[in-house]
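For reference, the structure is listed below as structure tokens.
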Amino acid sequence: MSLASYLGTNVEIPLSDGDSKNRIIIGDCFSDESHRQEVQRNHFTTPFMYEISSDWGIEITKYVYKPMLIESKEKLLALCEMMNSYIKRDDFFELYSCWVGDESSKREGKIILQLNNFDIDEIELPEKTVVKFEK
């Protein structure tokens, strides 16, 4: 199984080029259309939804293997930087990570963070948690 991360937005985001070497890739990777529909239906309030990926989803907890934790933090910061250029003031985006196949499972939490005002070393973003980033 793979940990997938999903992005919910109020604006359309262009899909990444298939050859992209960016830290964050917007487009299909681990999930299929039915998985994405489940996330949209059960967890997001936004009209647009994408899978985001690189080698693994974003999960930030004290239980994550240290190299993956560092990578997750880097990916989250890259995602926030990217989304800062797409969304306007008073808008938001949502992030949700879960194991592929668990998209319809009940979420375990919801967190609201200010897009440009959080300490990456002080937050925990466990799987099955909707994270709303407000600008």
Side-chain angles (χ1 to χ4, degrees):
M1 287 179 61
S2 298
L3 185 70
S5 291
Y6 302 95
L7 171 68
T9 69
N10 291 312
V11 296
E12 282 191 83
I13 306 294
L15 298 179
S16 299
D17 179 6
D19 296 333
S20 178
K21 300 295 183 210
N22 291 341
R23 172 74 63 195
I24 294 293
I25 307 295
I26 307 293
D28 305 343
C29 182
F30 301 120
S31 70
D32 62 28
E33 184 63 28
S34 67
H35 296 127
R36 293 185 294 278
Q37 288 173 349
E38 287 297 319
V39 172
Q40 182 71 41
R41 181 176 26 257
N42 294 305
H43 305 295
F44 285 164
T45 62
T46 55
F48 301 101
M49 192 273 225
Y50 308 90
E51 182 179 1
I52 58 171
S53 62
S54 56
D55 294 329
W56 199 252
I58 296 172
E59 182 179 17
I60 300 174
T61 71
K62 61 186 175 186
Y63 304 108
V64 174
Y65 179 57
K66 185 151 183 146
M68 296 189 91
L69 176 63
I70 291 167
E71 182 180 331
S72 283
K73 289 178 178 184
E74 291 170 353
K75 287 190 286 190
L76 181 61
L77 291 173
L79 175 64
C80 289
E81 182 179 329
M82 180 189 82
M83 291 305 298
N84 194 42
S85 68
Y86 284 110
I87 64 173
K88 297 186 181 334
R89 186 172 179 231
D90 297 324
D91 198 2
F92 66 93
F93 70 92
E94 296 168 311
L95 176 68
Y96 185 78
S97 297
C98 67
W99 294 96
V100 173
D102 285 347
E103 288 82 1
S104 61
S105 296
K106 183 179 177 185
R107 70 175 167 216
E108 295 178 2
K110 183 171 183 174
I111 300 169
I112 299 174
L113 296 172
Q114 297 304 307
L115 178 57
N116 296 311
N117 191 24
F118 66 90
D119 184 341
I120 193 71
D121 295 317
E122 297 296 322
I123 62 170
E124 285 212 354
L125 305 180
E127 64 172 294
K128 295 184 183 176
T129 299
V130 173
V131 186
K132 182 178 181 180
F133 289 89
E134 299 176 335
K135 186 168 183 180

Would you list the atom pairs, donor with acceptor, under 3.5 Å between side chains in residues 128-135 and any protein atom, with sequence neighbours excluded?
| unit_1 | atom_1 | unit_2 | atom_2 | d |
| --- | --- | --- | --- | --- |
| Thr129 | OG1 | Pro126 | O | 3.2 |
| Thr129 | OG1 | Glu127 | O | 3.4 |
| Glu134 | OE1 | Gln114 | NE2 | 3.0 |
| Lys135 | NZ | Asn84 | O | 2.7 |
| Lys135 | NZ | Asn84 | OD1 | 3.1 |
| Lys135 | NZ | Ile87 | O | 2.8 |

Pairwise side-chain contact, [X] with [Y], heavy-atom cut-off 4.5 Å (strictly under):
X      : Y      : value
Phe118 : Leu76  : yes
Thr61  : Leu125 : no
Phe93  : Leu115 : yes
Val100 : Leu3   : no

Flag yes if [X] and [Y] sit in one hydrophobic cluster, no otherwise; membership is Ile, Leu, Val, Met, Phe, Trp, Tyr, and two members link when side-chain heavy atoms are under 4.5 Å apart.
X      : Y      : answer
Ile111 : Val64  : yes
Tyr96  : Ile112 : no
Ile58  : Ile120 : yes
Leu95  : Ile26  : yes
Leu77  : Leu79  : yes

Taking all non-hydrogen atoms of both residues, which atom of Ile123 and which atom of Ile60 are closest, and how far apart? O-CG2, 3.6 Å

Would you name the heavy atoms of Gly57 and Ser72 that are closest together and state the gap between them? O-OG, 3.7 Å

Before giving the answer on side-chain contact (heavy atoms from CB on, under 4.5 Å), spell out for Lys88 and Val11 the whole-Å C-alpha distance, their side-chain angles and the decisive distance to 0.1 Å. CA-CA 10 Å; Lys88 297 186 181 334; Val11 296; over 6 Å; no

Tell me, please, which residues at least two apart from [X] pass side chain to side chain donor-acceptor pair (under 3.5 Å).
X     : value
Ser85 : none
Ser97 : Ser5
Ser2  : none

Answer with yes or no whether the side chains of Glu94 and Tyr6 bring together a donor and an acceptor at under 3.5 Å. no

Take Thr9 and Leu7 through the test side-chain contact (heavy atoms from CB on, under 4.5 Å) and record every step on the way to the result. CA-CA 7 Å; Thr9 69; Leu7 171 68; 3.7 Å; yes

List for me each residue that meets salt bridge (Lys or Arg N to Asp or Glu O under 4.0 Å) alongside Arg107, sequence neighbours excluded, and say none if there are none. none

Mark yes or no for whether [X], through its side chain, and [Y], through its backbone, hold a donor-acceptor pair below 3.5 Å.
X      : Y     : result
Glu103 : Gln40 : no
His43  : Gly8  : no
Lys75  : Trp56 : yes
Tyr50  : Ile13 : yes

Can you tell me how far [atom2] of [Y] sits from [atom1] of [X], rounded to the nearest 0.5 angstrom?
X     : Y     : atom1 : atom2 : value
His35 : Trp99 : NE2   : CH2   : 13.5 Å
Asn10 : Asp91 : CG    : CG    : 4.5 Å
Ile24 : Ser16 : CD1   : OG    : 9.0 Å

Quick one: which residue pairs count as a salt bridge (Lys or Arg N to Asp or Glu O under 4.0 Å) with a foot in [range], not counting sequence neighbours?
range            : answer
residues 57-68   : none
residues 113-124 : Lys73-Asp121
residues 44-53   : none

Going by side-chain contact (heavy atoms from CB on, under 4.5 Å), name the residues that satisfy it together with Glu74, two or more places apart in sequence or in a different chain. Arg23, Ile70

Check side-chain contact (heavy atoms from CB on, under 4.5 Å) between Tyr65 and all other residues, then give those that pass, not counting sequence neighbours. Pro67, Met68

Which residue, Glu38, Arg41, Gln37, forms the side chain to side chain contact (heavy atoms under 4.5 Å, CB included) with Ser104? Glu38

What's the verdict on side-chain contact (heavy atoms from CB on, under 4.5 Å) for Leu15 and Ile25, showing C-alpha distance, side-chain angles and the deciding distance? CA-CA 8 Å; Leu15 298 179; Ile25 307 295; over 6 Å; no

